[in-house]
K.L.:
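Please find one structure pasted underneath; my questions will follow.
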Protein chains: 2
Amino acid sequence: MARKTSGVSRREESLSRERIIEASIELLDKSGESGLTFRALSERLATGPGALYWHIANKSDLLTAACDAIVALTMNALLLDASPKAIIRTLALSLFDAIDAHPWVGSALTLAPGQVPMMRIVERLGQQIRALGVPSGEQWAAASALLNYILGVGGRNAANGQLARMRGLDRSEFLDAVSEIWSQLDPEEYPFARSMAGQMRAHDDRADFLAGIELILGGIDSLPRRGEGVSGV
Amino acid sequence: MARKTSGVSRREESLSRERIIEASIELLDKSGESGLTFRALSERLATGPGALYWHIANKSDLLTAACDAIVALTMNALLLDASPKAIIRTLALSLFDAIDAHPWVGSALTLAPGQVPMMRIVERLGQQIRALGVPSGEQWAAASALLNYILGVGGRNAANGQLARMRGLDRSEFLDAVSEIWSQLDPEEYPFARSMAGQMRAHDDRADFLAGIELILGGIDSLPRRGEGVSGV
DNA sequence: ACCTGAACACCGTTCAAGT
DNA sequence: ACCTGAACACCGTTCAAGT
């Protein structure tokens, strides 16, 4: 079936899984996770809540599908003709940016272990780990470390974003608030946090994220290596 | 009315924040995150839902407080007279085990960025990073990498646990199911995941978790170091 | 000060009934 | 096959009223 492009005119298009997911993403982007309800969604699609259940199994299925739409786009946009490490960095940063643009993706990923969106990421990561020449017995640990780190940052970013949104703060106001709280902690009990308070105000989440990726890549570098790594080509 | 459900009878004690948190933890441990409702909680405490609001602000506050009770116990039980790396490993494993025993802690941590429980972890981690001699400009990135990795694993563990519980599977049945799914993926599209399917069945989450910590520690090792490291003892 | 519990404004999900 | 929308069984939270 040949389908028309665009189609913001929801007048006569009939309901479909794709249209529901598309509308869900709009809702999630506009109002966050709490904004996605069957009532809001059915209103936006000019139908009843029950109609949605003809096309999707339940809310969890819907959220995962919306998440997968973003993740698939992100993974498929990757340029794969670079060194394994470069691809890993790009993959990580692309995901970081995608979660930054769609904070709900961070928690949706956490909520859907083993589902398609996660597998897309695992697979892409794993292939690069392999290409790095990591022995097969340690490939999973290496891929898993990167995955968990990325998901950890994603989840935290999502939570921070939601918190900031709730309080009506932009990123720099939010960092100022965090810095302020940290600087007022008890210096006996929280010497480290206090000493970091100043840095918090000006720090770059994205750069810190990449620094963490580098740490893990550095650790992978120091693993015993199989012969056929990249450098030898 | 015969008797209360098993040995949880606290007959005449009056309501208090501590008792509410204690009962919340029992509920969360028994029935997971969805088990914690104000109705179930007030029934268990033989009171009305409204009474709880005299002692706690809202559900988010309650979940964070329950989470903090576990995290505080875990952090305070750490033996601090070991090398920084050893302390970091112990801290990470203790948290892993705590989240394994109380899966809801994993997602509660993610949901409460910058709250007390998270700060306890950041602080303990940061102090060890400092003790490792990491230059102050990179301490945050290092602490943050460990924290995000730990939270990432925690969140995933929580999600896996909930999934397994929902389907009534124990850990080994769950791993079998994952392995089965992975082994049936399209070999063209998912070569890495397929090749890992066998390992999945027998793998040890805890060991993999620790391997990830080692990778990050290895990366930290290869950072340029200040003079006063541990090795000199 | 602390507790009660009905009431409010929501949820996700179901299902008989329509086309 | 697909959609409607009222109804069901829940939620978190509030608040007048009690002690």
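The chains referred to below are lettered A, B, ... by the order of the sequence lines, with proteins before strands, and numbering in each begins at 1. In this text the structure is predicted, and so the values were computed from the model without any measurement.
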K.L.:
Is His55(A) close enough to dC3(D) that one of its side-chain N or O atoms is under 4.0 Å from OP1 or OP2 there?
P.N.:
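It does, given that an N or O in the side chain of His55(A) lies less than 4.0 Å from OP1 or OP2 of dC3(D).
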
K.L.:
Kindly give the heavy-atom pair with the smallest separation between Leu78(A) and Ser94(A), and that separation in Å.
P.N.:
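Heavy-atom minimum between the residues: CD2-OG, 3.7 Å.
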
K.L.:
Arg19(B) has an atom CZ; how far is it from atom C1' of dC3(C), in whole Å?
P.N.:
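So the two atoms are 14 Å apart, to the nearest Å.
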
K.L.:
Rounded off to whole Å, could you give me the CD1-to-P distance for the Ile56(A) and dC3(D) pair?
P.N.:
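The distance from CD1 of Ile56(A) to P of dC3(D) comes to 12 Å, rounded to the nearest Å.
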
K.L.:
Is the shortest distance from a Lys or Arg side-chain nitrogen in Asp61(B) or Arg17(B) to a carboxylate oxygen in the other one below 4.0 Å?
P.N.:
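Salt bridge present between Asp61(B) and Arg17(B).
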
K.L.:
I need a per-nucleotide contact map over nucleotides 13-19 of chain D, read 5' to 3'. Cutoff is protein heavy atoms under 4.0 Å; write B for the base, S for backbone only, - otherwise.
P.N.:
BBB----

K.L.:
State, to 0.1 Å, how close Arg201(A) and Ser179(A) come at their nearest heavy-atom pair, and which atoms those are.
P.N.:
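Arg201(A) and Ser179(A) have their closest heavy atoms at NH1-OG, 3.3 Å.
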
K.L.:
Given dC3(D), is OP1 or OP2 found less than 4.0 Å from the side-chain N or O atoms of Trp54(A)?
P.N.:
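For Trp54(A), the contact criterion (side-chain N or O under 4.0 Å from OP1 or OP2 of dC3(D)) is not met.
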
K.L.:
Quick one: Leu45(A) CG to dG5(D) P, roughly how many Å, whole number?
P.N.:
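It works out to 14 Å between those atoms.
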
K.L.:
Please work out if Leu36(B) contacts a base, only the sugar-phosphate, or nothing of the nucleic acid, heavy-atom cut-off 4.0 Å.
P.N.:
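Sugar-phosphate: the residue Leu36(B), judged by heavy atoms under 4.0 Å, touches backbone atoms but no base.
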
K.L.:
Let me see the working for Ile21(B) and Ile56(B) under side chain to side chain contact (heavy atoms under 4.5 Å, CB included), right down to the final yes or no.
P.N.:
CA-CA 9 Å; Ile21(B) 292 171; Ile56(B) 57 161; 5.5 Å; no

K.L.:
With pairs taken as Watson-Crick or G-U wobble and both distances under 3.5 angstrom, which stems of at least three consecutive pairs involve DNA chain D?
P.N.:
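Stems found: C:4-8 with D:12-16, C:12-16 with D:4-8.
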
K.L.:
What is the distance from CG of Leu15(B) to C1' of dA1(C), rounded to the nearest Å?
P.N.:
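Distance, rounded to whole Å: 13 Å.
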
K.L.:
With rounding to the closest Å, how many angstrom separate the P atoms on dA17(D) and dC2(C)?
P.N.:
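Rounded to whole Å, the distance is 22 Å.
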
K.L.:
Output the rounded distance in Å from CD (Glu43(A)) to P (dC11(C)).
P.N.:
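Going from CD in Glu43(A) over to P in dC11(C) covers 11 Å.
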
K.L.:
Using distance only, find each side-chain donor-acceptor pair of residues 108-123 of chain B under 3.5 Å and give its atom names and separation, not counting sequence neighbours.
P.N.:
from	atom 1	to	atom 2	distance (Å)
Thr110(B)	OG1	Gly106(B)	O	3.3
Arg120(B)	NE	Asp68(B)	OD1	2.7
Arg120(B)	NH2	Asp68(B)	OD2	2.7
Glu123(B)	OE1	Phe192(A)	N	3.3
Glu123(B)	OE1	Ala193(A)	N	2.8
Glu123(B)	OE2	Phe192(A)	N	2.8
Glu123(B)	OE2	Gln127(B)	NE2	2.7

K.L.:
So, applying side chain to side chain contact (heavy atoms under 4.5 Å, CB included) with Leu91(B), which one of Ile88(B), Leu93(B), Leu95(B) is it?
P.N.:
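Of the listed options, the one satisfying the test is Leu95(B).
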
K.L.:
Send over the distance from Glu33(A) CD to dG12(C) P, rounded to a whole Å.
P.N.:
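Answer to the nearest Å: 12 Å.
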
K.L.:
Go through it in stages, so that I can follow the logic: the residues are Leu36(B) and Glu33(B), the test is side chain to side chain contact (heavy atoms under 4.5 Å, CB included), and I'd like the CA-CA distance, side-chain angles, deciding distance and then a yes or no.
P.N.:
CA-CA 6 Å; Leu36(B) 180 63; Glu33(B) 293 186 61; over 6 Å; no

K.L.:
I need the residues from residues 63-71 of chain B with at least one non-hydrogen atom less than 4.0 Å from DNA chain D; give them sorted by number, or say none.
P.N.:
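Here the set is empty: none.
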
K.L.:
Once you measure the plane-to-plane angle for Trp182(A) and Trp140(B), does it fall in the parallel (<30°), tilted (30-60°) or perpendicular (>60°) bin?
P.N.:
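Trp182(A) and Trp140(B): perpendicular rings.
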
K.L.:
Indicate yes or no: does Arg171(A) engage Asp100(A) in a salt bridge with an N to O separation below 4.0 Å.
P.N.:
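Judged by the 4.0 Å cut-off on N to carboxylate O distance, Arg171(A) and Asp100(A) do form a salt bridge.
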
K.L.:
Show me, pair by pair, the donor-acceptor contacts under 3.5 angstrom made by side chains of residues 143-151 of chain A, not counting sequence neighbours?
P.N.:
from	atom 1	to	atom 2	distance (Å)
Ser144(A)	OG	Asn148(A)	ND2	3.1
Asn148(A)	OD1	Arg156(B)	NE	2.7
Asn148(A)	ND2	Ser144(A)	O	3.0
Tyr149(A)	OH	Phe209(A)	O	2.9

K.L.:
For the pair made of CG in Leu52(A) and C1' in dC3(D), what is the distance, rounded to whole Å?
P.N.:
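Value for this atom pair: 10 Å.
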
K.L.:
Below 4.0 angstrom, N of the basic side chain to O of the carboxylate: do Arg167(A) and Glu173(A) qualify?
P.N.:
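No, no charged N to carboxylate O under 4.0 Å.
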
K.L.:
Within this structure, what is the CG-to-P distance between Leu41(A) and dC11(C), rounded to whole angstrom?
P.N.:
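That distance rounds to 12 Å.
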
K.L.:
Partners of Arg89(A) by salt bridge (Lys or Arg N to Asp or Glu O under 4.0 Å), sequence neighbours excluded?
P.N.:
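Per chain and number, Arg89(A) pairs via salt bridge (Lys or Arg N to Asp or Glu O under 4.0 Å) with Glu214(A).
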
